[in-house]
Amino acid sequence: MTTQQAKQEYDAQGYVLIRGVLKSKELKQVQMAFDQAAEKGALGDLLNQDDIFVDMVDHPVLFPVIQAIVGDDVQLRYARGGIIKPNTNSGSGWHCDLSGILGIDMPDSLIMTKLFTYLADVPEDGACLGLVPGSHRYEMGHPLPDIRAHEDMPHHAKMVVQAGDAVFFNGYTWHARFHNRSAQPRKVLEYSYVHSWMKTMYEFDDFSPHVQEVILKSHNRRQLFGVPEPGQSDWKRRLEGCPPYHRMEVGI
Ligand SMILES: O=C(O)CCC(=O)C(=O)O
């Protein structure tokens with residue numbers, strides 16, 4: 001699937017699944033680093049655990065899709081790892097992350113997108129992410145149906161995936177996590193992206209001196225991690241090589 005095809009599918013459905021992004025050696029390296037972070041109880045502080053997680057923020061296959069979806073002013077909101085234990089009532093209800101947001105016409109906007117990169121297979125009875133295709137275009141306040149079980153949501157799609165697959169989804173798309181009825185833990189990298197003029201969940205000081213050094217080396221990472229650029233407003237930030245911010249003006 002090309003970046004353009006991925007964006008088209010995302011725009012039409014509110015999500016897109018791309019298979020086999022991480023393969024063989026790279027997948028093993030990320031899995032090992034993830035398991036080490038999990039052992040330390042540090043999945044919430046992923047970026048300080050291993051440079052591989054910083055590299056996943058602008059991964060050469062995933063990031064072009066993120067840029068196409070969010071725009072040239074993209075910024076990371078947070079990055080964390082998550083494990084859902086086997087055979088647990090670990091689902092969440094159907095919801096929309098951005099349903100209560102003020103001042104934005106959500107069906108026509110792209111405020112926040114999430115990227116789940118799977119490090120373990122999720123079978124049909126696993127902790128699948130469920131999505132309602134097209135629900136990112138519902139009018140604000142569109143009521144959720146009165147249902148009792150995840151499976152009762154009309155028209156839902158269940159992400160039955162393999163390690164190495166990735167799902168991008170709009171935070172306004174209706175979604176849920178199914179209970180994990182399988183014998184396998186679910187292991188996911190959860191990264192969230194917004195625009196450069198929005199707040200993120202980090203202060204730069206949250207990063208170790210080493211990670212700060214890695215971030216400071218490149219223009220794109222300084223933007224992605226919200227490092228202030230002297231003399232540059234957050235509205236105007238753009239990834240390297242992209243057309244600059246353009247303000248319309250007449251009458252002078
Ligand atoms: O973990 C999942 O599959 C769903 C996550 C979720 O509901 C969310 O990110 O808001």
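Keep in mind it's a predicted model, so treat the numbers as computed, not measured. Order of appearance sets the numbers: ligands from 1, and atoms from 1 within every ligand.
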Going by distance alone, is a donor N or O of one side chain under 3.5 Å from an acceptor N or O of the other, for Ser135 and Tyr172?
no

Near Lys114, which atoms of ligand 1 are under 4.0 Å from a heavy atom of that residue?
8 (C), 9 (O), 10 (O)

Partners of Glu203 by side-chain hydrogen bond (donor to acceptor under 3.5 Å, both in side chains), sequence neighbours excluded?
none

One finds that the ligand 1 atoms under 4.0 Å from a non-hydrogen atom of His95 are 6 (C), 7 (O), 8 (C), 10 (O)

Is the ring pair Phe207/Phe204 parallel, tilted or perpendicular, if the boundaries are 30 and 60 degrees?
perpendicular

Answer yes or no for Met159: is there a heavy-atom contact with ligand 1 below 4.0 Å?
no

Below a 4.0 angstrom heavy-atom separation, can you tell me which part of Asp97, side chain or backbone, both or neither, approaches ligand 1?
side chain

Decide whether Arg181 and Asn89 meet the rule of one side-chain donor and one side-chain acceptor closer than 3.5 Å.
yes

Could you tell me which atoms of ligand 1, counted from 1 in the order shown, lie closer than 4.0 angstrom to a heavy atom of Phe116?
1 (O), 2 (C), 3 (O), 5 (C)

Note: ligand 1 atoms sitting under 4.0 Å from heavy atoms of Leu129 are 3 (O), 4 (C)

For atom 1 (O) of ligand 1, what's the nearest protein heavy atom and its distance?
Arg186 NH2, 2.7 Å

With sequence neighbours excluded, give me every salt bridge (Lys or Arg N to Asp or Glu O under 4.0 Å) pair touching residues 58-84.
Asp58-Arg221, Arg80-Glu190

Decide whether Gln49 and Asp45 meet the rule of one side-chain donor and one side-chain acceptor closer than 3.5 Å.
yes

